[in-house]
Structures are given as C-alpha cells and as structure tokens.
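Numbers for residues simply follow the sequence, beginning at 1. Counting convention: from 1, in listed order, for ligands and their atoms alike.
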Amino acid sequence: MSVLFEQIQINTMVLRNRFVRSATVDNGAKSGYVSGKQIRSFVELSDGGIALIVTGMTAVHPSDYIKPSQNQLSGDDYIPAYKRLTRAVHNGGAKIAIQLAHMGRERGKFLNDAADEAIGPSFIENDPYCEAKKYRAMTTDEIREIIEAFGSAAKRAREAGFDAVQIHGAHAFLLAQFLSPYTNRRDDEWGGSLENRLRIHTEIYRAIRRNVGEDYPVLIKLGVEDGFSGGLEFSEGKKAAQMLAQIGFDALEISQGLRGEVFEGTEFRTRIDGPDREAYFRAWGREVKQNVNVPVMMVGGLRTPALMTEIIEKGEADFISLCRPLIREPGIVNEWQKGDLRRSRCISCNKCIEALKNGEFLHCPQNKIRATMQEEGL
Ligand SMILES: Cc1cc2nc3c(=O)[nH]c(=O)nc-3n(C[C@H](O)[C@H](O)[C@H](O)COP(=O)(O)O)c2cc1C
C-alpha cells in the first residue's frame, strides 16, 4: 500500500490517510451560519476520500465581521447548523476541523462604512503591503478579548462535533501580523522579541486548551516567512514553529506569512506547470519537520502523487494538504487510491479566487469551460 494511504493519528483523532483539505473559504454562509450548499460541498469532499477537511476561515469575534456569506462561530447560535455539517461529513468517513481566524488589519479592505475601523497590532502609514487604509492598533484589552474569543469558539467547535480546531496563523491575517516584525511595531509585552510577538499565539493556545481539554486536537497553520524582504525571516519562523510545537499544538501546517508580490509572494502561487514549481513550500516544511516532534502538514502547489509519496517517504512531512486541486476535483483522492496516479487537473490559474472576489460561491471556472467545450463537441 502507498504510504499516502496509511492511517495516521493527531492526538486522539485517527485519520484514514495522509490527505488534508487545506482551509478554503467559500463565500457560502447564510447570515454567518453554515448553509445547505456548504454542507453538500463538504459531503462531496468526504465522499471523495480525503481524511481531514479543514473548513474555510471562520470568524471568532464580531470585530471581524465583513459580510453575511462569511462563516461565524462568534456565538452559540451557530452551533446547531454546524452539528448538521459535522454529522454529514462523518457519514462519508472524513474528519473535520474548523479554521478559527481573525483578519486583523486585512479586514480594512472590505469596509465601506466610514465609522467602522479594522484592528491590528500596529498602524503603519503608507504601507505598500496593505490594501486597507483604515485600521488602528489594538489596545491590550482588545487583545485579551480576542484571545478569549478564540477559546470560546474552540469550545463551541467541540460541542458542534468538530474533530479538531485549526488556528489561522498565516497569510497576512491577525496572527501573522503579530508574528511579523514588519507589522508588529509594538513596544509592550505583545511586540519586540520573538517571544513577545508570539505571545498572542501562545495565549490563544492556552485559552483553547482550558476549554477543550488535553485530548482534543489543536492545530495551527503557521506562516514561517513573509513574502518580501524586511519581514519575518524563515530563521525566526522556524523557531516560532518549534516554540508552538513545544507548548502543545498537535500539528503544524507550514505556509506563507505576510504576502508580497502577487501571486509569487503569496500562498497561492500560479504556473505550477512542472516538477520544479510543485511543492513550493517544501524546503520550509522539511526543515520544520526536522526540528519538531509533532506532525507536519505540507501545503502549496502539491499536484502529483509521485512527488507526494517521495515527500512522505523521505520524512519531510506527515500530511499532504491540498486546496485548489480539490476545488477542481473533489474526488481525486479516491481516484489516486484506486491506482490512477495522474497529476491533478488543477492548472493553478487562480480563477477560483477571482470567483470569490466577484461574490460567487466557490467553484472551479475551468470545470465550467471544460463542460461547455464538451457540450459543444470541442
Ligand atoms: C479559493 C481559496 C480560498 C482559500 N481560503 C483559505 C482559508 O480560508 N484559510 C487558509 O488558511 N488558506 C486559504 N487558502 C489557501 C489554501 O489553503 C492553500 O494554503 C493554498 O491555496 C496553497 O495550496 P494549493 O496549491 O493546494 O492550492 C485559500 C486558497 C484558495 C485558492
């Protein structure tokens, strides 16, 4: 049997193989609640063979609200609909984690109301790496409130039947902003040294652990390097990963920190058209894996089973995490398991991201193009 299909465990969670659906926001919530169409798309993934599905980023606090199609877990009202989701996913054999997030200053680019203000670790004037023009530095009380909100959301997640939570610590969002010396210019206990810049992560971990107990898997997606020079460097990102593993996070997914040049300095790179462009965060994942004692998920441009097998066999990661290939083909893991080891059909064009920006529900526009061509006999 291929190493990719070995059963593997994170804390008490037993997974049927090594494939993770990396968190993917889908614009599908209804007034913040998980919707029927979202549940159907998660069932398709579970039936498609993936072992662990991570939901899209989900807001833990009202200060992170942007629109009704954004998922929320900022109150108990959201629990019943999520119970339906987790039951439906479990019927297909997959496990499901919810990604808990706060956008921080990034929220500012979605705001139309002049009275509304996004928040982040520090305010930076004329910042070329931030589209948001209106945001302000958080007070200590606000930081404490957000930490408690992550803890309460994790408690709700467990009650709703999620098998794990994943904290979003990557991709330019709040925790990446705290970790990066570029966006975190604070001179209090939340800024300065690496330990201080990582304090919000560790406090969130403790707040969650207090609420969910020792046996519940608590994961983090961590940005270990920023996409431009002058930001977080990998030497520090690696230390951060080690520190988070040491305090008790049960698994680390290794990705981009703040975003640089579009799309080359981001988590979703394009032109993954050959083996040298695949697995573009491989070096980071491999090095983190060598330095921690918890499972590591590799994400970013993984497209061919042969390369995935090599990564696992060489001990460079424990899990293969996929996003765009599963938007194109939600059932591809089953096909690989049956022995059809072809490359994913995803061409990494990022039209799925454009569709989200246009307010559409997540889909692969290439599938529509293909269907139309087939209909026309082209
Ligand atoms: C449409 C879309 C939505 C995404 N949403 C999230 C998200 O909610 N949280 C997150 O951590 N990453 C998100 N990502 C990043 C992916 O999880 C993944 O890290 C990245 O796309 C690289 O993996 P891939 O090459 O397999 O697509 C998203 C990516 C895409 C394309």
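You'll find the ring centres of Tyr82 and Tyr33 outside the 6.0 Å limit.
Nearest residue to atom 5 (N) of ligand 1 from Asp26, Thr266, Ile353, Val25 is Val25 (criterion: closest heavy atom).
For atom 9 (N) of ligand 1, the nearest protein heavy atom (residue, atom name, distance) is Gln99 OE1, 2.8 Å. The nearest heavy-atom contact from the protein to atom 29 (C) of ligand 1 is Cys323 SG, 3.5 Å. The shortest contact between atom 13 (C) of ligand 1 and any protein heavy atom is with Ala23 O, 3.0 Å.
Between Tyr205 and Phe249, the ring planes are tilted. Angles from 30° to 60° get that label. Between Trp284 and Phe234, the ring planes are parallel. Angles under 30° get that label, and only those over 60° would be called perpendicular.
The part of Arg303 lying near ligand 1 is the side chain, judged by heavy-atom distances below 4.0 Å. Counting heavy atoms under 4.0 Å from ligand 1, residue Asn350 does not touch it at all. Counting heavy atoms under 4.0 Å from ligand 1, residue Ile272 does not touch it at all.
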query: Under the side-chain hydrogen bond (donor to acceptor under 3.5 Å, both in side chains) criterion, do Ser74 and Gln72 qualify, and how do the steps go?
result: CA-CA 6 Å; Ser74 49; Gln72 304 278 335; 3.2 Å; yes

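Proximity of Gln166 to ligand 1 is not established, as no heavy-atom distance is less than 4.0 Å. Look at Gly56 and you'll find a heavy atom under 4.0 Å from some atom of ligand 1.
Salt bridge absent: Lys239 and Glu236 never bring a charged side-chain N and a carboxylate O closer than 4.0 Å.
Considering backbone and side-chain N/O atoms, Lys221 comes within less than 3.5 Å of an N/O atom of ligand 1. Annotation: Ile327 places no N or O atom under 3.5 Å from an N or O atom of ligand 1; distance criterion only. At a 3.5 angstrom cut-off on N or O pairs, Ser321 does not count as close to ligand 1. Considering backbone and side-chain N/O of His168, one or more are found under 3.5 Å from N/O of ligand 1.
Remark: ligand 1 atoms within the under-4.0 Å shell around heavy atoms of Tyr280 are 22 (C), 25 (O). When each atom of ligand 1 is checked for a heavy atom of Leu362 under 4.0 Å away, the hits are 1 (C).
Side-chain contact between Leu222 and Leu179 is present, with heavy atoms from C-beta onward closer than 4.5 Å.
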